[in-house]
Amino acid sequence: MKNMMNVTEQIRAVVKDDQIELFFNDEKIGTISISPDEQKKLELHQDYVMENGKIFKFMEHLLADHPKAYVEDCDLGWC
C-alpha cells in the first residue's frame, strides 16, 4: 500500500434515486446500490480500492507525471 493514500475520512456521500454516490474532492469516485430489488454493491472508479473497510486512492499515476527536476540540461545541476 505504499502508493496508496487513505481517503476514507474525506469521502462525501449523496443519496440519489436508488443509489449512494461517493465523492472525493467533488469528483465522483463510486456508487453503492441501495435498491431493494438489487444486491447491495459498491462500485469504485479504477483509481480507488476498498480494503479493510477503508477507501484508498492509487497514487502511481501522480508519481509518474511528476517532473524529475525543476530544470533540465544544466551543467552538473547548475544553470
Side-chain angles (χ1 to χ4, degrees):
M1 285 197 310
K2 76 177 192 181
N3 291 333
M4 294 178 8
M5 177 176 69
N6 183 349
V7 297
T8 307
E9 298 294 325
Q10 300 159 358
I11 300 294
R12 179 175 55 92
V14 176
V15 177
K16 190 172 186 180
D17 299 323
D18 289 339
Q19 65 183 10
I20 298 172
E21 296 180 342
L22 303 175
F23 293 86
F24 174 66
N25 292 336
D26 295 326
E27 172 190 0
K28 184 177 174 183
I29 65 161
T31 59
I32 302 171
S33 172
I34 57 173
S35 172
D37 300 331
E38 295 180 27
Q39 180 180 4
K40 308 303 183 252
K41 181 178 172 186
L42 170 67
E43 293 182 13
L44 291 173
H45 184 270
Q46 66 183 4
D47 290 341
Y48 296 84
V49 65
M50 184 170 196
E51 292 182 4
N52 299 322
K54 297 181 181 179
I55 297 177
F56 295 88
K57 179 176 181 163
F58 289 110
M59 303 302 289
E60 293 175 15
H61 69 283
L62 296 177
L63 295 174
D65 293 340
H66 192 279
K68 294 180 182 177
Y70 177 71
V71 293
E72 295 181 9
D73 298 326
C74 295
D75 184 27
L76 299 174
W78 295 92
C79 294

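The basis for the numbers below is simple: all heavy atoms, side chains too, and nothing from hydrogens, waters or symmetry mates.
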Just verifying a value: how many Å separate [X] [atom1] and [Y] [atom2], rounded to the nearest 0.5 Å?
X	Y	atom1	atom2	answer
E27	K57	CD	NZ	5.5 Å
F23	N25	CZ	CG	12.0 Å
E43	L22	CD	CG	11.0 Å
M5	F56	CE	CZ	11.0 Å

When every non-hydrogen atom of V49 is compared with those of M4, the smallest separation belongs to CG1-CE, 3.8 Å

Residues Y48 and F58: closest non-hydrogen pair is N-CD1, 4.1 Å

Taking atom NZ as the centre, does K16 end up with more than 12 heavy-atom neighbours from other residues, nucleotides or ligands that are less than 6.0 angstrom away? no

Taking only distance into account, with no hydrogens and no angle test, what donor-acceptor pairs under 3.5 Å do side-chain atoms of residues 6-13 form with protein atoms, sequence neighbours excluded?
from: N6; atom 1: OD1; to: T8; atom 2: N; distance (Å): 2.9
from: N6; atom 1: OD1; to: T8; atom 2: OG1; distance (Å): 2.7
from: T8; atom 1: OG1; to: I55; atom 2: N; distance (Å): 2.8
from: T8; atom 1: OG1; to: I55; atom 2: O; distance (Å): 3.4

With sequence neighbours left out, the residues meeting side-chain hydrogen bond (donor to acceptor under 3.5 Å, both in side chains) with D18 are none

Residues at least two apart in sequence or cross-chain that pass side-chain hydrogen bond (donor to acceptor under 3.5 Å, both in side chains) with S33, listed by chain then number, are E38

L42 vs T31, side-chain contact (heavy atoms from CB on, under 4.5 Å): CA-CA, chis, key distance, verdict: CA-CA 6 Å; L42 170 67; T31 59; over 6 Å; no

Tell me, with the steps shown, if I34 and V15 meet side-chain contact (heavy atoms from CB on, under 4.5 Å).
-> CA-CA 9 Å; I34 57 173; V15 177; 4.2 Å; yes

